[in-house]
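Report on the structure given below.
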Amino acid sequence: MGPLNVLITAGSRRVPLVKAFRRAVRGLPRGGRVIVSDVNAMSPAVHVADGAYRVPLANEAGYIEALLDVVAAEDVRLVVPTIDDELPLLAAARPTFEARGVQVAVSPLATTEICNDKFLTCEHLRRHGVAAARTYLPSMLSSSAPLPLFVKPRAGRGGIGAFAVRTPRELEFFLSYVEDPVVQQFLPGREFTIDVFCDFGGRPLAIVPRERVVIRSGVMDRGRTAADPRLIDLAVATARALPFRGAVNIQCRLVDDAPVVFEINPRFSGGISLTIAAGADFPQMLVDLAAGRDVRSSIGCFIDNLWLTSYESSIFLDEETARTALAPVPAGAARRTLGEAA
């Protein structure tokens, strides 16, 4: 068996994730390379990976075919999707990748479709006895809906278009302002993300709750790990209700000392660097699984109360690098390097 090359899709700003996978494959007997795909040559992850390809947007024709081209060109054995839009596409195409000897770290199609729909997510969890926010479609609201409430897009990410509403007038406005909205009960209390890693059979191997103390643009800017049994138990119950593969993050709040889920993203979280630093190295676990190694359960094995405080960092490119990287790409062509013909 040759090197274990990894493709991380939609690299964007996911520099810590790319670096974590590069460390993971270096520890294998035959090593490996980490490739990213992206639509923008100026994305930071492009310039820290071992190679990068320009591909169409996930919602454009030819996306899966372009990824398959990259897989073939780079002898990729593991694909790691990172954005919600592509998860159902890659889940549906997983048999095609597996037929070529490629593992795709994506949850089953039904799971990705449920988790991409905030209404279906909470309805599904509540039907399976998991504490989840009461969630309504606008047509389900009565004129005496209890306030405050929370309005957000039915399919959205990063906190974009999410608004707390405290008056009937605000509710009426934001229901018309937010495209395809859902309405959730307002959840007071501290907010947590629970990072969960499951093997390819859906068995949880690691669970790390993190308190989101300061949030900026939907990503944790300051936070800490929290070895809270209530949060770990909630993650286990959620994994029973929804089968996962690879990384998933569960978002919840503590309401009257009990955690309540309001959203699930079956992919790596933006705050995964804290989980890795706390000793739960999800990229290493995933690489080991793809390499056929035994990965044992380590639930609860992480550094408690480890804090993260983030800052901005930059990558500097000379004129030639920037000019070449931004060269146009023929439609439908996967490129060996962004801006350079394959």
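This chain uses plain numbering: 1 for the first residue, then up along the sequence. Because the structure is a prediction, the values reported are computed rather than measured.
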Does some side-chain heavy atom of Cys122 sit less than 4.5 Å from a side-chain heavy atom of Tyr136? no
Does Leu90 form a side-chain contact (heavy atoms from CB on, under 4.5 Å) with Leu87? I'd like the steps, not just the answer. CA-CA 5 Å; Leu90 278 160; Leu87 297 180; 5.9 Å; no
Please report the shortest heavy-atom distance between Gly161 and Pro153, naming the atom on each side. O-CD, 3.3 Å
What's the separation between atom OG1 in Thr112 and atom CZ in Arg267, rounded to the nearest 0.5 Å? 12.5 Å
Nearest-0.5 Å distance, CD1 of residue Ile194 to CG of residue Asn249: 10.0 Å
Quick one: does Thr121's side chain have a donor or acceptor within less than 3.5 Å of a partner on Phe119's backbone? no
Are the side chains of Thr82 and Arg14 in contact, using a 4.5 Å heavy-atom criterion? yes
Backbone of Ala110 reached by a side-chain donor or acceptor of Glu113 within 3.5 Å: no
Would a hydrophobic clustering, with Ile, Leu, Val, Met, Phe, Trp and Tyr connected at side-chain separations under 4.5 Å, put Leu147 with Tyr177? yes
Are the charged groups of Arg216 and Asp221 less than 4.0 angstrom apart, N to O? yes
Donor-acceptor pair, distance only, cut-off 3.5 Å: does the side chain of Asp38 make one with the backbone of Asn40? yes
What pairs meet the ring-ring contact (aromatic ring centres under 6.0 Å, His included) rule with one or both residues in residues 234-280, with sequence neighbours excluded? Phe21-Phe268
Looking at Thr9 and Ser37, would you say the former's side chain and the latter's main chain have a donor-acceptor pair under 3.5 Å? no
Any donor-acceptor N/O pair, Thr111 side chain to Pro243 backbone, under 3.5 Å: yes
Heavy-atom pair with the smallest gap, counting every atom of Ala49 and Val36: CB-CG1, 3.7 Å
Can you name the closest pair of heavy atoms from Ala155 and Asn116 and give their distance? CB-O, 3.4 Å
Could you state the interatomic distance from CZ (Phe316) to NE2 (His47), rounded to the nearest 0.5 Å? 13.0 Å
For atom CG of Asp256, decide whether the heavy atoms of other residues, nucleotides or ligands shown that lie under 6.0 angstrom number more than 12. no
Heavy-atom closest contact (Pro56 atom, Ala66 atom, distance): CD-CB, 3.6 Å
Establish whether Ile8 and Phe200 are linked, either directly or via other cluster members, by ILVMFWY side-chain heavy-atom contacts under 4.5 Å. yes
Less than 4.5 Å apart, any side-chain heavy atom of Phe163 and any of Val178? yes
Contact check, side chains of Arg94 and Val106, non-hydrogen atoms, under 4.5 Å: yes
Got a sec, which pairs hit salt bridge (charged side-chain N to carboxylate O under 4.0 Å, His left out) with one end in residues 138-156, sequence neighbours left out? Asp117-Arg154, Lys152-Glu263
Is His124 reaching over with its side chain to a backbone N or O of Leu242, donor-acceptor style, under 3.5 angstrom? no
Determine the minimum heavy-atom distance between Leu78 and Val102, stating which atoms define it. N-CG1, 4.1 Å
For Ala227 and Pro229 the tightest heavy-atom approach is O-CD, 3.5 Å
Atom pairs and distances, side-chain donor-acceptor, residues 273-285, under 3.5 Å, sequence neighbours left out:
unit_1: Thr275; atom_1: OG1; unit_2: Asp195; atom_2: OD2; d: 2.6
unit_1: Thr275; atom_1: OG1; unit_2: Arg210; atom_2: NE; d: 3.4
unit_1: Asp281; atom_1: OD1; unit_2: Gln284; atom_2: N; d: 3.1
unit_1: Gln284; atom_1: NE2; unit_2: Asp288; atom_2: OD1; d: 3.1

Contacts of Asp180 meeting side-chain hydrogen bond (donor to acceptor under 3.5 Å, both in side chains) (sequence neighbours excluded), chain-then-number -> none
Keeping the roles fixed (side chain from Asp50, backbone from Val34), state whether a donor-acceptor pair exists under 3.5 Å. yes
Kindly check if the number of other-residue, nucleotide or ligand heavy atoms within 6.0 Å of CZ (Arg13) is above 12? no
Donor-acceptor pair, distance only, cut-off 3.5 Å: does the side chain of Asn265 make one with the backbone of Val248? no
Heavy-atom side-chain proximity of Pro88 to Leu109 below 4.5 angstrom: yes
ILVMFWY cluster, Phe173 and Leu149 together (side-chain gap under 4.5 Å): yes
Is any side-chain heavy atom of Ile207 closer than 4.5 Å to a side-chain heavy atom of Val236? yes
Can you check whether Ile35 reaches Glu74 side chain to side chain, under 4.5 Å on heavy atoms? yes
How long is the span from the OG atom in Ser107 to the CZ atom in Arg245, to the nearest 0.5 Å? 8.0 Å
To the closest 0.5 Å, what do you measure between CG (Asp75) and CG (Leu7)? 12.5 Å
Could I get the full list of side-chain hydrogen bond (donor to acceptor under 3.5 Å, both in side chains) partners for Asn5, not counting sequence neighbours? none
Basic-acidic side-chain contact under 4.0 Å: Arg222, Glu211: no
Check the hydrophobic clustering (I, L, V, M, F, W, Y; side-chain heavy atoms under 4.5 Å; chains of links allowed) and say if Ile250 and Leu120 are grouped together. yes
Distance check, rounded to the nearest 0.5 Å: Ile303 atom CD1 versus Arg224 atom CZ? 14.0 Å
For Arg127, I'd like to know if atom CZ has over 12 heavy atoms of other residues, nucleotides or ligands within 6.0 Å. yes
Does any N or O in the side chain of Arg100 come within less than 3.5 Å of the main-chain N or O of Arg77, such that one atom is a donor and the other an acceptor? no
Steps toward side-chain contact (heavy atoms from CB on, under 4.5 Å) verdict (Leu28, Arg293): CA-CA 10 Å; Leu28 298 176; Arg293 294 179 167 183; 3.7 Å; yes
Within the structure provided, determine whether Leu317 and Met42 are in side-chain contact (heavy-atom separation under 4.5 Å). yes
Stepwise side-chain contact (heavy atoms from CB on, under 4.5 Å) test for Arg230 and Asp257: CA-CA 9 Å; Arg230 297 169 298 180; Asp257 291 327; 3.5 Å; yes
Which residue pairs satisfy the salt bridge (charged side-chain N to carboxylate O under 4.0 Å, His left out) criterion with at least one member in residues 164-173, sequence neighbours excluded? none
May I ask you to decide if Arg212's main-chain N or O and Glu191's side chain share a donor-acceptor pair within less than 3.5 Å? no
Tell me whether Leu187 is reachable from Leu234 by hopping between hydrophobic residues (I, L, V, M, F, W, Y) whose side-chain heavy atoms are closer than 4.5 Å. no
Run the numbers on Val182 and Leu137 for side-chain contact (heavy atoms from CB on, under 4.5 Å), then give the verdict. CA-CA 5 Å; Val182 294; Leu137 300 177; 4.0 Å; yes
